[in-house]
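Written below as structure tokens is the structure these notes are about.
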Amino acid sequence: MAEQLAAQHVTDHGVSIVTRNFRSRLGEIDLVALDEPNLAFIEVRYRGIASLGCAAASVTAHKQRRILQTARFFLSRFPQWHAMPLRFDVIAIDQVDQNEHTLNWIRNAFDASAMH
């Protein structure tokens, strides 16, 4: 559900989805998207229970490293994207109540400088 909401949100904002759920032995990237001029690797996080903290805070340094490693693998498999500027985003979805949620798209959520 959360990934579907996130994909709809980014496409509503003119962004093209390149692939969903890209997996490697190192991890998974929920969405890879073309947001001209950037190739965005997007982590989607959902929190249904506020006592667990907000969704954005769940993207730990460990999770960021796994995303970076998986992005490197993606670029090795699909070299046509290698020359594009890269961006690492988080879409955080927090449940407000049974029928409502908030969606926060955090562009450049963490630093991609380790990629180059």
Side-chain angles (χ1 to χ4, degrees):
M1 176 202 99
E3 184 186 313
Q4 183 81 15
L5 283 171
Q8 185 64 51
H9 185 76
V10 299
T11 57
D12 287 349
H13 285 83
V15 175
S16 302
I17 303 293
V18 173
T19 191
R20 291 182 183 196
N21 303 108
F22 179 80
R23 289 181 174 87
S24 77
R25 65 179 178 81
L26 304 167
E28 178 183 3
I29 297 174
D30 297 316
L31 301 171
V32 180
L34 183 58
D35 188 8
E36 296 284 347
N38 300 295
L39 184 66
F41 295 94
I42 304 172
E43 175 68 9
V44 179
R45 302 302 277 192
Y46 173 83
R47 282 290 184 258
I49 302 171
S51 64
L52 296 176
C54 70
S58 69
V59 183
T60 63
H62 176 73
K63 180 66 175 171
Q64 291 173 24
R65 280 191 303 276
R66 291 182 63 121
I67 292 167
L68 288 168
Q69 291 170 334
T70 304
R72 278 190 200 100
F73 181 71
F74 175 89
L75 293 170
S76 73
R77 294 277 313 271
F78 302 100
Q80 68 268 29
W81 301 108
H82 196 267
M84 295 195 75
L86 306 178
R87 194 176 75 212
F88 292 85
D89 298 355
V90 171
I91 294 182
I93 304 170
D94 291 289
Q95 189 79 33
V96 175
D97 60 36
Q98 192 172 15
N99 299 314
E100 187 181 350
H101 62 270
T102 61
L103 187 148
N104 184 16
W105 184 1
I106 307 164
R107 291 172 179 87
N108 291 308
F110 55 94
D111 189 15
S113 64
M115 287 292 296
H116 297 290

Distance-only, no hydrogens or angles: does the [X] side chain make a donor-acceptor pair with backbone N or O of [Y] under 3.5 Å?
X: Asp30; Y: Val44; result: yes
X: Asp89; Y: Asn108; result: yes
X: Arg66; Y: Leu26; result: yes

Quick check: closest heavy atoms across [X] and [Y], and the distance to 0.1 Å?
X: Val90; Y: Ala109; result: CG2-CB, 3.6 Å
X: Ala6; Y: Ile93; result: N-CD1, 4.5 Å
X: Pro85; Y: Pro37; result: CD-O, 3.2 Å

- Message: Before you tell me yes or no, could you show the steps for Gln69 and Phe73 under side-chain contact (heavy atoms from CB on, under 4.5 Å), namely the whole-Å CA-CA distance, both residues' side-chain angles and the distance that decides it to 0.1 Å?
- Response: CA-CA 6 Å; Gln69 291 170 334; Phe73 181 71; over 6 Å; no
- Item | Phe74 and Phe22 aromatic ring geometry - parallel, tilted or perpendicular at 30°/60° bounds | perpendicular
Spatial distance of atom [atom1] ([X]) from atom [atom2] ([Y]) [nearest 0.5 Å]:
X: Leu5; Y: Leu103; atom1: CG; atom2: CG; value: 7.0 Å
X: Leu31; Y: His9; atom1: CG; atom2: NE2; value: 11.5 Å
X: Ile106; Y: Glu43; atom1: CD1; atom2: CD; value: 11.5 Å
X: Phe41; Y: Leu68; atom1: CZ; atom2: CG; value: 9.5 Å
X: Phe88; Y: Leu86; atom1: CZ; atom2: CG; value: 5.5 Å
X: Gln8; Y: His13; atom1: CD; atom2: NE2; value: 11.0 Å

Does any part of the side chain of [Y], heavy atoms only, come nearer than 4.5 Å to the side chain of [X], both counted from C-beta?
X: Arg20; Y: Gln4; value: yes
X: Arg72; Y: Leu75; value: no
X: Phe110; Y: Ile67; value: yes
X: Val18; Y: Phe78; value: no
X: Asn38; Y: Arg107; value: no
X: Met84; Y: Leu34; value: yes
X: Thr70; Y: Glu28; value: no

